[in-house]
Amino acid sequence: GAGVSQSPSNKVTEKGKDVELRCDPISGHTALYWYRQSLGQGLEFLIYFQGNSAPDKSGLPSDRFSAERTGGSVSTLTIQRTQQEDSAVYLCASSLDWDRNTGELFFGEGSRLTVL
Amino acid sequence: AQSVTQLGSHVSVSEGALVLLRCNYSSSVPPYLFWYVQYPNQGLQLLLKYTTGATLVKGINGFEAEFKKSETSFHLTKPSAHMSDAAEYFCAVSRGGGSYIPTFGRGTSLIVHP
């Protein structure tokens, strides 16, 4: 596609339910990032995928959070047993690998998650 | 390790006035520095970036920023604000401590008054 696509754009769920957020990166981009944006907190790094390498999961806030990337393309972020503090906008970004890239990330419009 | 500090969560200017958004970074290696803009209900888009070479970089919509190593700063400026510049602006750093994962500041909301 022309840009990074995220779905759903909005998700309202009840506390304790599981949610899945999807990201479809720009074709040819080997790097994929998930960030969380909370009001007044800026962007918090969650997880990074680069090609076939093991993902960098150092930003995941708890073991309720997990992500996978299938076939080096689409990624799914899963939050289990959601809590109210998980409410935020989840942003996905993609980029070329670092051999050909000077660092620009291309962002999707985000998935706004509200946990009641 | 790397970090970014954006001074001021909100900056208010009049249309036509100078825009100055401040960013200071911390990095153990020569950094890559970025400014992104986020309009309401949209994702972030790149305004400009510094990697190597000329320390004054120009971006889209008349914005520019200067990398000052001695001050560890990368402030964003625009000579004359326009109403359409109202948005959230994020400074980011990468390569600090060997990490290519960008670290973002908390953002500065630019408010433009008519």
Side-chain angles (χ1 to χ4, degrees), chain A residues 1-10 21 23-26 29-51 53 55-60 88-112, chain B residues 1-10 21 23-25 27 29-54 57 59-60 65 67 74 87-109:
Chain A
V4 177
S5 178
Q6 292 189 245
S7 61
S9 55
N10 279 286
L21 308 176
C23 174
D24 197 347
I26 292 172
H29 281 189
T30 57
L32 187 147
Y33 311 72
W34 283 98
Y35 285 86
R36 179 168 68 176
Q37 183 177 20
S38 305
L39 192 63
Q41 297 299 311
L43 273 69
E44 175 189 8
F45 166 72
L46 297 177
I47 188 168
Y48 164 65
F49 296 89
Q50 173 57 63
S53 301
D56 181 338
K57 303 179 182 181
S58 60
L60 295 178
V89 177
Y90 290 81
L91 292 169
C92 176
S94 69
S95 71
L96 295 167
D97 64 78
W98 280 90
D99 286 345
R100 297 178 290 156
N101 180 25
T102 51
E104 178 178 2
L105 269 59
F106 295 81
F107 283 85
E109 295 190 350
S111 292
R112 180 177 298 276
Chain B
Q2 59 190 21
S3 66
V4 171
T5 302
Q6 291 185 240
L7 297 177
S9 59
H10 295 82
L21 304 182
C23 172
N24 289 89
Y25 70 91
S27 175
V29 299
Y32 289 173
L33 295 161
F34 309 85
W35 276 99
Y36 285 83
V37 61
Q38 184 180 34
Y39 298 103
N41 299 314
Q42 294 187 24
L44 280 70
Q45 64 182 85
L46 184 70
L47 264 182
L48 49 79
K49 64 183 178 185
Y50 168 80
T51 53
T52 59
V57 293
I60 61 173
F67 169 56
F74 191 58
E88 191 83 14
Y89 292 80
F90 293 91
C91 182
V93 62
S94 68
R95 292 185 74 236
S99 170
Y100 287 105
I101 300 170
T103 298
F104 287 82
R106 293 194 170 195
T108 298
S109 178

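The chains referred to below are lettered A, B, ... by the order of the sequence lines, with proteins before strands, and numbering in each begins at 1. The shown structure was predicted, so the numbers you read here are calculated from the model rather than taken from an experiment.
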Any donor-acceptor N/O pair, B/Tyr50 side chain to B/Phe74 backbone, under 3.5 Å: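 Flag not set: sc B/Tyr50 to bb B/Phe74 has no pair under 3.5 Å.
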
By side chain to side chain donor-acceptor pair (under 3.5 Å) - contacts of A/Ser111 (at least two apart):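 A/Ser111: no side chain to side chain donor-acceptor pair (under 3.5 Å) contacts found.
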
By side chain to side chain donor-acceptor pair (under 3.5 Å) - contacts of B/Trp35 (at least two apart):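 Per chain and number, B/Trp35 pairs via side chain to side chain donor-acceptor pair (under 3.5 Å) with no residue.
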
Under 4.5 Å from any heavy atom of chain B - which part of A/Leu43: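 The answer is both parts of A/Leu43.
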
Structural part of A/Tyr35 lying under 4.5 Å from a heavy atom of chain B: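 Just the side chain, heavy atoms under 4.5 Å.
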
Side chain, backbone, both or neither of B/Glu88 within contact of chain A (heavy atoms, under 4.5 Å):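 Neither part; nothing is under 4.5 Å.
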
Among A/Gln6, A/Gln37, A/Arg112, residue most engaged with chain B (heavy-atom pairs, under 4.5 Å):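 Option with the top pair count is A/Gln37.
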
Geometric class of the B/Phe34/B/Tyr32 ring pair [parallel <30°, tilted 30-60°, perpendicular >60°]: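 Rings of B/Tyr32 and B/Phe34: perpendicular, as their planes differ by over 60°.
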
